[in-house]
There are 4 protein chains.
Amino acid sequence: MSEPLASPPPGRPRDAALDANILRAAMELLGESGIHAVTMDAVAQRAGAGKASLYRRWKSKDELLADALTLHSPIDVEVDTGTLRGDLVKIYEHYYGIGNHVMQAAVQEMLGNVRQHMAWTEKVAPERLTARRAKVRALVERAVVRGEIAAPDDMDLLLDLVPAMILYRYNTRSQKVTRASIARFVDGLVMPLAQKAARAPQP
Amino acid sequence: MSEPLASPPPGRPRDAALDANILRAAMELLGESGIHAVTMDAVAQRAGAGKASLYRRWKSKDELLADALTLHSPIDVEVDTGTLRGDLVKIYEHYYGIGNHVMQAAVQEMLGNVRQHMAWTEKVAPERLTARRAKVRALVERAVVRGEIAAPDDMDLLLDLVPAMILYRYNTRSQKVTRASIARFVDGLVMPLAQKAARAPQP
Amino acid sequence: MSEPLASPPPGRPRDAALDANILRAAMELLGESGIHAVTMDAVAQRAGAGKASLYRRWKSKDELLADALTLHSPIDVEVDTGTLRGDLVKIYEHYYGIGNHVMQAAVQEMLGNVRQHMAWTEKVAPERLTARRAKVRALVERAVVRGEIAAPDDMDLLLDLVPAMILYRYNTRSQKVTRASIARFVDGLVMPLAQKAARAPQP
Amino acid sequence: MSEPLASPPPGRPRDAALDANILRAAMELLGESGIHAVTMDAVAQRAGAGKASLYRRWKSKDELLADALTLHSPIDVEVDTGTLRGDLVKIYEHYYGIGNHVMQAAVQEMLGNVRQHMAWTEKVAPERLTARRAKVRALVERAVVRGEIAAPDDMDLLLDLVPAMILYRYNTRSQKVTRASIARFVDGLVMPLAQKAARAPQP
DNA sequence: GATTAAACGAGACGGTACGTCCAGTCTTCAG
DNA sequence: CTGAAGACTGGACGTACCGTCTCGTTTAATC
């Protein structure tokens, strides 16, 4: 009932499959050869598309890249290990491509190099990052409901901790994301802060 | 005795003032028009220098930029407010240019955009960031000695927290560095973690 | 007997008015903004047509342009001033749009610029230029019959003289076609050559 | 004494050899593969130059092409066969590359196709075409002095005849320049017109 | 009237060339 | 040898346009 009567716009419709095809081509190039191989010509060629088709969809290379990175970084996972610590480790491993080589290579590249002049912020965040934040927030709230931890003092800060540390350490000291580093951030930062509230008032 | 007898190198000596002049030109352009205005030609022209003089001093634009950003972000501050919380807030405010408009604008730009293809990591970190880390570490250790807090479980993580959050929030949500945000990170993250160790074992 | 019984092809018939509409649009653009404004998209848009309708009628832009230029440059004129000189001046003035401002502007443009990668030759010549040549040839032959001149030694050369000079001078020295220049070519080239044959054998 | 004291402009001077190198590359491509092979990238690559060096010297492809065609079409020939007819045939054959296959191919290409949107006129004419005209004019004047012909009524027209016919016939009927066609134009047009003046007043 | 098949406006598509910009290097002349 | 000036190679970017294709719609001629 919402829009059933809207007549389609005139002219040949966009090929929806091409969108995905282009984004996939960009990610492949990124994963295979690094950011310097991701030129608009190369993406177009690999996608079997013309450059015009790229620029019809995205105003610039940056916007294409932003979309490529976010659309190909998965959101939907079902995580339920029974403990908050286990849930967090598992979901972050999933988000950062641990155990998925192509994905991981691309993520690493992106962390350090992708954001050129990219107005990364407004492009990526709204669509994917907030969705991820919501997922993690749900895990924490479930732990609260379950009685595992008390409600955190500052949930927003808590949710940013792991991605912030990963980004910072990659950018300042080239430290890659690993299973171990994720565990360290969860055990050393998130869990202590989450448990603090529950523990402090006890005595 | 070691140096005075060495005969001076032949030819015209380097103009030491030029180094600073070039770096200043780079920072001005960054502050005025953003990172995309910082081209080597533009820097050379504004500094009244030739491009060769830039490349004689730095191997690449990245290195020049790294130097420019770090040299203009001061390290040496004497901070002693009596409490760890006060020390941390003060030193971070100093590092991020709170209260210095030109500096602050440049830092904001840098946070979001500078790292182009820049191998930012190896250029900036060794020289400035580690010096800053050492400063902050000293503040924390002084607080331990003073008995204000116990020795942190994972000092390395603690030292990265504030800069990591600043970087992440700027990059993903365009949040600028303010006096308030620094206080929030210190109060909501660093201090709770530092005090946790001291508090937990008490009962 | 050949055509009348052929059943018309099935489907919607071509809109004959559209042909003229498209050609007119092309000529308008040419006259208003020069050859660089005559893109297939622009022609289609101005004609209120789709590009497919253009390409259904002409195999390429060149052919469309050739048609546009020739269809709008009239062939059929009745010229009979009594002298060959008068006939030639009059017909060339007609062909080159002297006294027709829109037409003349288009012709000027065409002379200098139209022939892009255009295989101008095979497209235009057969249909219009040869018709024009035939017209001029008739004028000359009439003058021969009338006894005004003897049969020229090399008629083919004679017929090309004026258009060749107009084309060349426009292309090499930007000289536009005017009433005066046509008169000069006729009086200084065509007439002397036509009369020569008649005069030389006299003594 | 004219400019000996002018100090050279600062900076690295243009590489004069590169100019010729680029023009040669353009001509080679034109001669070998036709006008469609003459892209700016291809010219730059063959010349071992960057595209910036092409655009530093010429504002557009058209201007480069105009220079290439004119600079490589020779002017200086010593022609003295003893008769005007012989001189003209010989110099035109030289100008149109008869007996020089690479040159001739390029000229043919140029006649029909090169001038795309090119403001051919102002680029080519002043520098080379007028020089050629002067050469031919000298031949005619020498014949006048020698008493072979009388002074022509309209010298300017005479000088344009052969190139105009060549251009026109190529463009409208794809007729290539040959030894025979040059002879035909000289014998059928230029010589009769030149001799007419001398002959007519006799009786 | 229903069917059919082509023409129609609109605009997306692949491809190709253009002209611009910038990093990093090289070359000149002056000090 | 340093310095300013600026030319050099190389390569990516974003634009423009051609000729083709694919939609949904309209229009005759036929059934």
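Hydrogens, waters and symmetry mates play no part in the numbers below; they use all other heavy atoms, side chains included. Sequence lines set the chain letters: A, B, ... in the order given, protein chains first and strands last, and positions in each chain run from 1.
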Hey, is the main chain of B:Val38 close enough, under 3.5 Å, to the side chain of B:Lys61 for a donor-acceptor pair?
yes
Take atom CD of B:Gln45 as the centre, draw a 6.0 Å sphere, and report whether it contains more than 12 heavy atoms from other residues, nucleotides or ligands.
no
Just jot down the side-chain hydrogen bond (donor to acceptor under 3.5 Å, both in side chains) partners of C:Asp15, sequence neighbours excluded, or say none.
none
Mind listing the N/O atom pairs, protein and nucleotides 12-15 of chain E, below 3.5 Å?
from   : atom 1 : to      : atom 2 : distance (Å)
E:dA12 : O4'    : A:Arg12 : O      : 3.4
E:dA12 : N3     : A:Arg12 : NH1    : 3.4
E:dC13 : OP1    : A:Asp15 : N      : 3.1
E:dC13 : OP1    : A:Arg57 : NH2    : 2.6
E:dC13 : OP2    : A:Arg56 : NH1    : 2.6
E:dC13 : OP2    : A:Arg57 : NH1    : 2.7
E:dG14 : OP1    : A:Gly48 : O      : 2.8
E:dG14 : OP2    : A:Gly50 : N      : 2.9
E:dG14 : OP2    : A:Ser53 : OG     : 2.7

Looking at F:dG6, E:dC18, F:dA12, which one has an atom nearest to any side-chain atom of D:Pro10?
F:dG6
DNA chain E: 5'-proximal contact among D:Tyr55 and D:Pro9 (nearest heavy atom):
D:Tyr55
Atom CG of B:Leu54 and atom P of F:dA5 are separated, to the nearest Å, by 12 Å
Nearest-Å distance for atom pair NE2/C1', residues C:His36 and E:dG19
16 Å
Determine the minimum heavy-atom distance between D:Ile22 and D:Ser53, stating which atoms define it.
CD1-O, 4.4 Å
Shortest side-chain distance from C:Thr39, nucleotide among F:dC13, F:dC18, F:dG19
F:dC18
So, taking the atom named CG in D:Asp19 and the one named CG in D:Asp67, what distance separates them when rounded to the nearest 0.5 Å?
9.0 Å
Please report the distance, rounded to the nearest Å, between CH2 in A:Trp58 and P in F:dC13.
14 Å
